[in-house]
Amino acid sequence: MDHFTYIDGQLSAEDVPLKALAEAYGTPFYCYSTATLVRHYTVFADALAGLDTQIHYAVKANANIAVLSTLASLGAGADIVSLGELKLTLAAGIPASKTVFSGVGKTADEMRGALEAGIHQLNVESLEELAVLSEVASGMGVIAPVAIRVNPDVDAKTHKKITTGLSENKFGIAWAQAEDVFDKARSMPGIDVVGVAVHIGSQLTDLAPYRAAYTKVRDLVARLRTQGFDIRVVDLGGGLGIPYEAENPPSPAEYGAMVKEVMGDIGCSLAFEPGRMIVGNAGVLVTRVVYVKKGLDRTFLILDAAMNDLIRPAMYDAYHAVVAVDEPKSDVRAPVDIVGPVCESGDTFARQRDMPALQAGDLVAFRSAGAYGAVMSSTYNGRDLVPEILVNGAAYAVVAERYTIDDMIKRQRIPDWLDNATPKEATG
Ligand code: LLP
């Protein structure tokens, strides 16, 4: 459930008509709903009530500091994958003591930065990484709290680009090597093995792969304990899917019930790293129709948003519902191809999608764009990074300003040997 509904014929974010925001700030722009963020976080937390849990919101899904700050006010910790994300979470008021650091390629500098900040836990994904962390932590005279991420070789049955728990994926320690790595880790200086981590993919729409992976992890924890490991945390990752189209993902309550069934008596803290489930349906991308181009055998709805603003359809063939901001007065729909202005055919949001009659100048909104939307945008084709606006009831605020071509030019330089070509304003 989200808080983007038609009020008096106008698609609104909570109490704010999107048309008013489009007039004030131009298009395209992202718009997030506080009430939806709060609802999703609360529903997820409630589904796990009764368990000893830590919720580390996966910052990669939406890293806007106002979104992070909203989640921080609800008690969320963070799951980060870079020092950049650590800075964002600290700026938003999420303490490092509630933050786990994931990722397969942490550098020594990143480890040092995270340890200096007092990171709660590092999820380590290889023996090679453990060796570097051991050196960094011992050099600093600190002990790094480590969860070892294992790869359970379970098919999450999601898009191949966002599956992470198969043995062919780069993530986690291969199942057959896991116990050996735990054993090696315990004799490494500067390393305290606090737990086991697992994450098998994103946009999971079935509980069965979760159950299979979690059961393997539970059994691994039991074996590790017989070997004398003091396992204090099991990090169960994120990945719960959301309904973009016709999917029917498990509800947080169903997920929570499965977790309780499999992990209820594990006797330690359970960590979670939800991203999409919290922010996905809490955001829309609002854009204007530039042209309705009548082709030979199809009609193209050409928008002012493009693949650089929302890359998911081009990258994962992802479906995003596209709705008219002015509530359609008739039920008549006709198929159109919904495209952006970028110069490649991949800049296509939907093919032969049934849409109401629209004209140049009309506004449409991409739903479910709160996760992996703005964070994955780029300036390709000399296009701005678009503003992000957070709504809270009838209040709203620009929480990320437009990043313009002038900002892009400011960070570029013409080298000396091209001096004669240097424009005046770039010299000096
Ligand atoms: N934890 C780890 C270790 C992860 O790698 C991820 C996502 C998450 C948590 C959060 O997963 P979520 O709850 O959001 O599914 N850009 C892609 C999704 C990439 C997901 C990467 N890892 C997309 O737009 O579908």
Side-chain angles (χ1 to χ4, degrees), residues 37 40-41 43-44 47 54-63 67 71 76-82 85 89 99-106 121-126 129 147-152 156-166 169-173 195-206 209-210 213 217 234-245 247 249-250 252 255 259 270-283 285 307 309-320 349 366-378:
L37 289 170
H40 288 176
Y41 184 85
V43 165
F44 190 77
Q54 319 161 20
I55 301 178
H56 304 283
Y57 162 68
V59 173
K60 62 173 82 67
N62 184 321
V67 169
L71 297 173
D79 165 42
I80 58 158
V81 291
S82 66
E85 286 192 350
T89 52
T99 298
V100 301
F101 193 174
S102 300
V104 289
K106 299 176 207 79
Q121 177 181 308
L122 293 108
N123 290 357
V124 169
E125 306 215 15
S126 66
E129 189 191 344
I148 293 181
R149 177 166 171 188
V150 292
N151 182 324
K157 300 204 173 67
T158 182
H159 191 281
K160 70 174 185 327
K161 287 186 186 162
I162 52 175
T163 289
T164 58
L166 284 173
N169 301 135
K170 67 182 174 182
F171 299 99
I173 309 266
V196 184
V198 68
H199 172 83
I200 57 172
S202 193
Q203 184 56 13
L204 270 71
T205 53
D206 187 358
Y210 271 128
V217 168
V234 175
D235 185 333
L236 296 173
L240 201 55
I242 62 170
Y244 283 99
E245 187 182 10
E247 308 94 326
Y255 172 79
V259 169
L270 295 175
F272 298 87
E273 301 169 356
R276 190 191 312 263
M277 190 270 133
I278 307 289
V279 292
N281 287 330
L285 172 64
M307 63 191 290
D309 302 305
L310 177 65
I311 201 157
R312 301 194 67 258
M315 191 144 173
Y316 315 106
D317 301 313
Y319 179 99
H320 282 266
F349 292 113
F366 285 85
R367 284 183 161 280
S368 313
Y372 307 109
V375 277
M376 294 183 78
S377 60
S378 76

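Just so you know, ligand 1 is whichever comes first in the structure, and atom 1 is the first atom listed for that ligand. Only heavy atoms go into these numbers, but all of them, side chains included; no hydrogens, no water, no symmetry mates.
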- Query: Hey, is the main chain of G201 close enough, under 3.5 Å, to the side chain of H199 for a donor-acceptor pair?
  - Reply: yes

So the atoms of ligand 1 within less than 4.0 Å of a heavy atom of D79 turn out to be 1 (N), 2 (C), 9 (C)

Check your understanding: Would one find an N or O of R276, backbone or side chain, under 3.5 Å from an N or O of ligand 1?
Key -> yes

Min N/O separation R149 to ligand 1 under 3.5 Å: no

Atoms of ligand 1 under 4.0 Å from any heavy atom of P274, numbered from 1 in the order shown, are 13 (O)

Closest to atom 16 (N) of ligand 1 among protein heavy atoms sits Y316 OH, 2.8 Å

Within 4.0 Å of some non-hydrogen atom of A58, the atoms of ligand 1 are 8 (C), 9 (C), 10 (C)

Item to complete: May I ask you to check if ligand 1 and G239 share an N or O to N or O distance below 3.5 Å?
Response: yes

Partner of E129 under salt bridge (Lys or Arg N to Asp or Glu O under 4.0 Å), picked from R149, K106, K170, is K106

Give yes or no for whether the N/O distance cutoff of 3.5 Å, strictly under, is met between G275 and ligand 1. yes

TODO: Please check if the side chain of N151 supplies one atom and the backbone of F171 the other of a donor-acceptor pair under 3.5 Å.
DONE: yes

ask   = Between H320 and R367, is there a donor-acceptor pair closer than 3.5 Å when you use the side chain of the first and the backbone of the second?
value = yes

Looking only at non-hydrogen atoms, the one of E273, Q203, H56 nearest atom 3 (C) of ligand 1 is E273

In this structure, atom 15 (O) of ligand 1 is nearest to the protein heavy atom S202 OG, 2.4 Å

Looking only at protein heavy atoms, what sits closest to atom 19 (C) of ligand 1 is I162 CG2, 3.7 Å

Of all protein heavy atoms, the one nearest atom 21 (C) of ligand 1 is K60 CD, 3.8 Å

for atom 8 (C) of ligand 1, nearest protein heavy atom and its distance come out as H199 CE1, 3.4 Å

Between S368 and I242 the two heavy atoms that sit nearest each other are CB-CD1, 4.3 Å

Nearest heavy-atom contact between T158 and S202 is OG1-O, 2.7 Å

Without swapping roles, check the side chain of D235 against the backbone of L270 for a donor-acceptor pair under 3.5 Å. no

Under 4.0 Å from one or more heavy atoms of M376, ligand 1 contributes atoms 16 (N)

Quick check: does any side chain N or O of Y210 sit under 3.5 Å from a backbone N or O of V259, one acting as donor and the other as acceptor?
no

For Q121 and N123, does a side-chain donor sit closer than 3.5 Å to a side-chain acceptor? yes

Nearest heavy-atom contact between L285 and A369 is N-CB, 3.9 Å

protein heavy-atom neighbour closest to atom 20 (C) of ligand 1 works out as Y372 OH, 3.6 Å

Nearest non-hydrogen protein atom to atom 24 (O) of ligand 1, with distance, is R312 NE, 2.6 Å

